[in-house]
Every structure is written in C-alpha cells, then in structure tokens.
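Written below as structure tokens is the structure these notes are about.
Values in this document were obtained by computation on a predicted structure and should not be read as measured data. Just follow the structure's listing: the first ligand is 1, and inside any ligand the first atom is 1.
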Amino acid sequence: MIPWLLLLPFPLQVLAGVDKTFGVRPELVSKYVPSASGNWRCLDGSKEIPWAFVNDDSCDCPDGSDEPGTGACPDTVFYCQNKGHIGATIPSSRVNDGLCEPECCDGSDERSGICKDICQEVGEEYRKKRDEERKLRKTGSKIRSTYIEFAHKEKKRLEALIETSNKDIEVQEKEVARLRDIADRTESISKAALEHKQQSPLYVSLLEHSNALAALQREHKKHLERETALGEILNTLRSGYNPNYQDMAVLEAVRGWEELAGLPHINDVVKGSDGTDTDSKDDATNKEEKTDDETEEDGWTADRLANELDTLLRTDYVSLLLEHDEHVQAPHHEGSILFDLTSYLPDSVIPQYEEFKDTLVSWLRTFGIIRGGDDTSAADSTHARQAFTDAESALKSVKDENKKAKEDVAELFNIHGFGRDGEWKKLDNYCLRKTVGDYTYELCLFNEARQIPRNGGSTFSLGRFESWNPAENVQPGEPAYYQKQMYKHGTRCWNGPERNVVLLLSCGLENALLSVTELEKCEYQFVATTPALCLPLDEEKGSRDEL
Ligand code: MAN
C-alpha cells in the first residue's frame, strides 16, 4: 500500500482518482476494463494487477501498459486527446515534466492549470491551413492531370512512331540489301570491263615501256656507282703515284683518266695546305657541264632525270587508261549529223525511235554482240555504291529514331523516371529561372542547372540531372521521392568541389523557382513549386484525421 504522505507530489489526476483510460490511445481504450474480481491484466498478458494500480504513477507491468497517463514507466507513449484539434502521442517521459508539449494543445501532459488548452485556436489555424492546402491541391492536381494526359498522348505518339519506323526498317533493310547487291554486281561488271581495257595493245606496250624504263634506271644507277668507285681509285692513283719511277703504264693511266674526267695534269695542280687540289671544284663543274651538254637534246637533262624519272615511273596507268578511253571516245559522243538518224526523222516518231534504239542496244550488249557503256561502268559503280551507302545511312537514322522512341516510352511511366503516371514528362527540359544578387540562376528540369552572371563573365554549370531523392529511407514511387532532385558534376569550384544543386520541390500552381541559396561554397539549394506534385485529394496518404 502507498503511504498517504507520499501521495502529495502526485499529479492532480492521480490524486483526484484519475480516469483509468487517461493517456490511452483510442484504439486501446476498450482494453482498459477491470475483471469481475477487480483486477486488470497487463496488455502483454504477462501479469494481473489490481485495477487500482492502473495509472497510479507506479510502474507494475513489464510493458508499462498500466501507466498510460503518467510518466512512471519507461519507453511508453502518452496520448493527448486535443479536443477541437487532432489527438497526438508523445513519449511518456515528457508527461508531468513541467513543460507544455506543443503536440498536446489541450495541456493534458501536465497537471491541470499548468498548460492552457489552446486546441480551439490551434485547430482552427490548422483547419484553415489544411483547407488552403486542399484548395491548392485541388486546382494543382487539375494541372497535374493535364501533364498526365500529355504523357499518354506522348506515349501514343511514340508508339505510332515505333510502329511506323518498324515498318520502315523492314522496307529499308530490303532496299539496302537490294542496293548492296546492285553495287556489288556493278562493281564486278566494272572490274571485267577494266580487265578488257587492260588487254589493249597500247596499254600492254605502255606497261612494257614503263618496265623497261624502270630496269634501265636500275642499271644506270649501278653504272653510276661503279663510275664513282673507279674515279676514286684513279684519283688516288693520280695524286699518289711517284713520277720519279718513270712507270709509263701508270703515267698513261693517269693521263687517260685526267683527259676523261677533264682534270688538269696533276703536276700543274697546287696542293692546298690540307692536301686537296685547289682546282677540284672546277673539275666537278666541267664534268657537270659536259653531262648537261650530252643530255639536253630531248629536254631530259641529268637533273631532270634524277628528279622526275621516279615520278614518271609512278604514273597510275589504270587511270591514264580510263582517261585515254574517255578522250578517244569524246568526239564520238558528239555524233555526226550524218549518222544521227533523228535529224532525218519527223518529230512525232522520235520518241518511238529512241525507245527502240535503247532496247536494241541493250539487247546487243546483253548478248555480247556489241561492247558498250564500258566508259560509264566506273561511274555507274560509284553511283551504285553511293546509293547503297545513302540507303544504309537512312536505315541507320530510322533505327536510331526507333531505338530512342523505345527508350523514351520505357522512361514515360516509370517510377524512376517521369513518375508512375508520367506526370513529369511535360516538364522534361522545362527551364526555371530566378535572379539572385549578381547571378541569374537557370535550372532546366532533368537537364542542367546554370549560374549566369548578370554583368558579364563566364556562365558556370551547377550540375546535370543525376537522380531523384537518393535518401535510403525514401522509396521510388512515394511522394517524398519526387520532392527532391540532385544535379551534379557542375564546373569545378576554384580550390574546391564540383558545383552541385539540391532542388526541393513542393506542390504549387506554377512551375516557379522560389529561392536559391548557396548553403556551402558551390553547393546550391533551389526551392521550387510545381503542379506535378499536387496529388489529387483522394490520393492523400497518411493524413491525420481531425477529432
Ligand atoms: C563564383 C560563383 C560563386 C562561388 C564562387 C566560388 O563566384 O560560382 O557562387 O561561390 O565562384 O569560387
């Protein structure tokens, strides 16, 4: 039993024989009833205690259920009814602690007289705000539904585009295959025509001349090298022999060499301090002049031979052959009036004649009776190849368009993308702007945020769209997920991180940027409103009902 004196500091409710359901949440009230024997079983069923022990400010049940209205048991909750507003729970530890809890506007968390019951005013304020919010959501959600409509239309448009492009792909794939086949065949015809041209006696002879010239050039080089080597031997002999030995054979050889090479006799040459002949340069000049004299007759001087023979031998004889062909056939194309039958025919029969002529020529070509069109076969094959490449690139762009449309459709009604209802699609790349201080801030949704200086200077990227709310406790699809967007990897801050933006969104009738704050250096917080977040009232989740 509790001694009478100890009761003195007890809360008024307890002293006055407090209601046993005081502090009990409405859904549990029915469980607070005494048994016939005047006892009560703890809510966890672990113990039976006298009914009088409930709310007596002494903790008897292991789960603390015997003290719903006092702070006697740890880790329990107290329920304040808040009549005129909405009931709320607080931790029981805050009951009777001398502080008026804002959650309990009725002041029931403290002994009576300590906290005023302000639930009427709080309730009214709450209801006013709630009504305003409901009004906003009602209007906002109408705008939101137009966004959803847009997404559905977009889906239809994309699906139609996919369907058409699927058909186009099918048709164009066949066309590409057909054109590839034509290009391959035209090229092989053109190859055969070229082989035929290459059998022309003129071409064969030209190649032979060219091969002979190349062989001659090789031989010539070999002889030049031998001449240089021999000259060096004779020069050594000329400058090194001893005239005192009177060796006539050597003298003859030296004299002969001097004459051939246009050199003065060695005995007349003044030796330089380094032992070289002073007139050796003149000798070389004499030699060159002589060579020039010998070869200049047909314009092919030694110099020209050295410089141009290689180029001449590198001539592209196949191109030359085709050019030659065109050249030879050119006057033929102009036609002679004498052999142009159309000049003798009346105008009315010319079309029939032309048609007949084309058919006949084409037959004759088919049966190999005449050769013709060879000169155009190279051009034909280029055209055919071009037509094939053009068709192939047209096919590629249809395929790209088809792929992009499929990706866009997949993003449309995706909780990770444009939302379950596709309500965000309408705002894809929608740009919000606000001028704050020296900058205009621009954020294009799902794209990029930028900081544009108002008085000149560089615009900084504040980051590109990275994700919706990345918080672990927020699931894709739930409202909180769409209340935050992250923009990352903007222009790097001098001596700092890359600029980035956290965009906080809430329901509003307009898509508007309300504020921009640089919370930390180069970390920006944008606050904006959008109708996309105005959920219809019947979708309201977790709202607390008014009592
Ligand atoms: C610029 C702006 C500022 C930023 C500084 C950091 O002036 O981007 O917002 O704080 O660079 O150097």
Where do Asp428 and Lys425 land on the salt bridge (charged side-chain N to carboxylate O under 4.0 Å, His left out) test, with the steps shown first? CA-CA 5 Å; Asp428 190 11; Lys425 177 64 190 172; 3.3 Å; yes
Tell me whether Lys135 is salt-bridged to Asp131, with the criterion being a basic N under 4.0 Å from an acidic carboxylate O. no
When Arg180, Arg178, Lys396, Lys399 are each screened for salt bridge (charged side-chain N to carboxylate O under 4.0 Å, His left out) with Glu173, the one that passes is Lys399
Quick note, disulfide (SG to SG under 2.5 Å) partners involving residues 410-441, not counting sequence neighbours, are Cys431-Cys444
Using heavy atoms and a strict 4.0 Å limit, residues surrounding ligand 1 turn out to be Tyr439, Gln451, Phe460, Cys493, Arg499, Glu518, Lys521, Cys522, Tyr524
Here the ring pair (Phe, Tyr, Trp, His ring centres under 6.0 Å) pairs for residues 386-413, sequence neighbours left out, are His152-Phe413
Hits for side chain to side chain contact (heavy atoms under 4.5 Å, CB included) against Ala177, two or more places apart or cross-chain, chain-then-number order -> none
